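Note that this is a predicted model, so its numbers are computed, not measured. Numbered from 1 within each chain, the chains take letters A, B, ... in sequence-line order.
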Amino acid sequence: MTDDPIFLKVWRTVAHVPRGRVATYGQIALMIGLHRGARTVGWALRALPDDCRVDGKAVPWHRVINARGAISDRGGGGGIGRQAVALRREGIAVSAGGLVDLGRYLWRGQRRRS
DNA sequence: TGCGTGACTTGAC
DNA sequence: CGTCAAGCCACGC
């Protein structure tokens with residue numbers, strides 16, 4: 001596991017996010033040991049296969065959003081719309097602008113300093 | 001070996 | 001609440 005590529009760790013960590021909850025890139029980064037690699041997490045998700053499956057497990061990439069609680073704009077492919085729909089489908093309230101209430105849906109309730 | 005790139009974060013204005 | 005700039009990490013060429 002420690003020898004596995006970063007993106008593999010990211011996928012596995014994301015796969016641990018329970019249904020109906022969301023996690024931020026920074027949070028995922030912290031869990032895999034990258035205290036400042038939120039961008040790397042995004043990079044890893046970008047490399048995620050279309051099947052969204054790793055090691056036979058589905059990777060809920062749609063549960064990963066940025067620290068503002070907004071869906072990242074990956075610039076095309078209509079991905080954000082798809083992600084918003086997927087989140088609502090799990091019972092997560094998503095505003096018209098694609099914003100999610102982190103204080104209510106954030107996984108494990110972990111938050112950074114205020 | 002070094003530079004550019006990106007689904008990010010945070011602090012300032 | 002909106003935009004700007006700087007920082008950080010891993011990967012591909």
Side-chain angles (χ1 to χ4, degrees):
Chain A
M1 177 130 88
T2 19
D3 292 346
D4 291 343
I6 297 298
F7 55 83
L8 205 49
K9 291 186 187 174
V10 172
W11 295 342
R12 285 178 181 165
T13 303
V14 173
H16 291 141
V17 179
R19 186 173 173 285
R21 283 280 192 272
V22 297
T24 66
Y25 294 93
Q27 188 178 350
I28 297 298
L30 289 172
M31 291 177 183
I32 63 179
L34 298 175
H35 289 247
R36 294 278 147 66
R39 301 192 77 197
T40 305
V41 175
W43 170 85
L45 290 180
R46 180 188 164 302
L48 189 68
D50 294 342
D51 299 57
C52 298
R53 282 185 166 254
V54 175
D55 193 27
K57 295 179 8 179
V59 180
W61 59 273
H62 51 270
R63 292 181 193 147
V64 184
I65 56 182
N66 60 28
R68 299 177 194 167
I71 296 173
S72 300
D73 185 5
R74 77 178 92 356
I80 80 167
R82 196 164 121 201
Q83 183 166 3
V85 172
L87 290 174
R88 288 182 196 163
R89 197 173 178 182
E90 305 200 343
I92 297 173
V94 182
S95 72
L99 298 175
V100 178
D101 184 348
L102 290 180
R104 184 173 157 138
Y105 298 106
L106 186 62
W107 183 33
R108 280 185 162 186
Q110 283 188 16
R111 313 187 197 184
R112 52 195 101 283
R113 59 195 179 281
S114 54

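Looking at every heavy atom in both residues, Thr24(A) comes nearest to Ala67(A) through CG2-CA, 4.1 Å. Of all non-hydrogen atoms in Tyr105(A) and Arg21(A), the two that sit nearest each other are O-CD, 3.1 Å.
Rounded to whole Å, the distance from CG on Leu30(A) to C1' on dC9(C) is 13 Å. We find that CZ of Arg39(A) is positioned 13 Å from P of dG7(C), with the value rounded to whole Å. One interatomic measurement links the two molecules: CG of Asp73(A) to P of dT3(C), which rounds to 13 Å at whole-angstrom precision. Across the protein-nucleic acid pair, Leu48(A) atom CG and dA10(C) atom P stand 19 Å apart, rounded to whole Å. Remark: P of dA10(C) and NE2 of His35(A) are 12 Å apart, rounded to the nearest angstrom. For Leu45(A) and dC8(B), the CG to P distance is 10 Å, given to the nearest whole Å. At whole-Å resolution of the value, CZ in Arg68(A) and C1' in dC4(C) are 12 Å apart. Note: CZ (Arg46(A)) to C1' (dA7(B)) measures 9 Å, nearest angstrom.
Not a single donor-acceptor contact under 3.5 angstrom links the side-chain atoms of Arg36(A) to the base of dG7(C).
Listed for the Asp55(A) side chain is no donor-acceptor partner under 3.5 Å among the backbone atoms of Lys57(A).
Pair assignment for dC8(B): dG7(C), on the basis of Watson-Crick or G-U wobble contacts that are both within less than 3.5 Å.
Each of dC8(B), dA10(C), dC11(C) was ranked by its minimum atom distance to the side chain of Trp43(A); first place goes to dC11(C).
Gly37(A) comes within 4.0 angstrom of the backbone, heavy atoms only, and of no base. Contact annotation for Leu34(A): backbone-only contact, meaning every heavy-atom pair under 4.0 Å involves sugar-phosphate atoms and none involves a base.
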Could you give me the CA-CA distance, side-chain angles and deciding distance for Gln27(A) and Leu106(A), then say whether side chain to side chain contact (heavy atoms under 4.5 Å, CB included) is met? CA-CA 10 Å; Gln27(A) 188 178 350; Leu106(A) 186 62; 3.3 Å; yes

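Residue Ser72(A) places at least one side-chain N or O under 4.0 Å from the OP1 or OP2 atom of dC8(B).
Residues Val64(A) and Leu99(A) fall into different hydrophobic clusters, defined by Ile, Leu, Val, Met, Phe, Trp and Tyr side chains chained together at heavy-atom separations under 4.5 Å.
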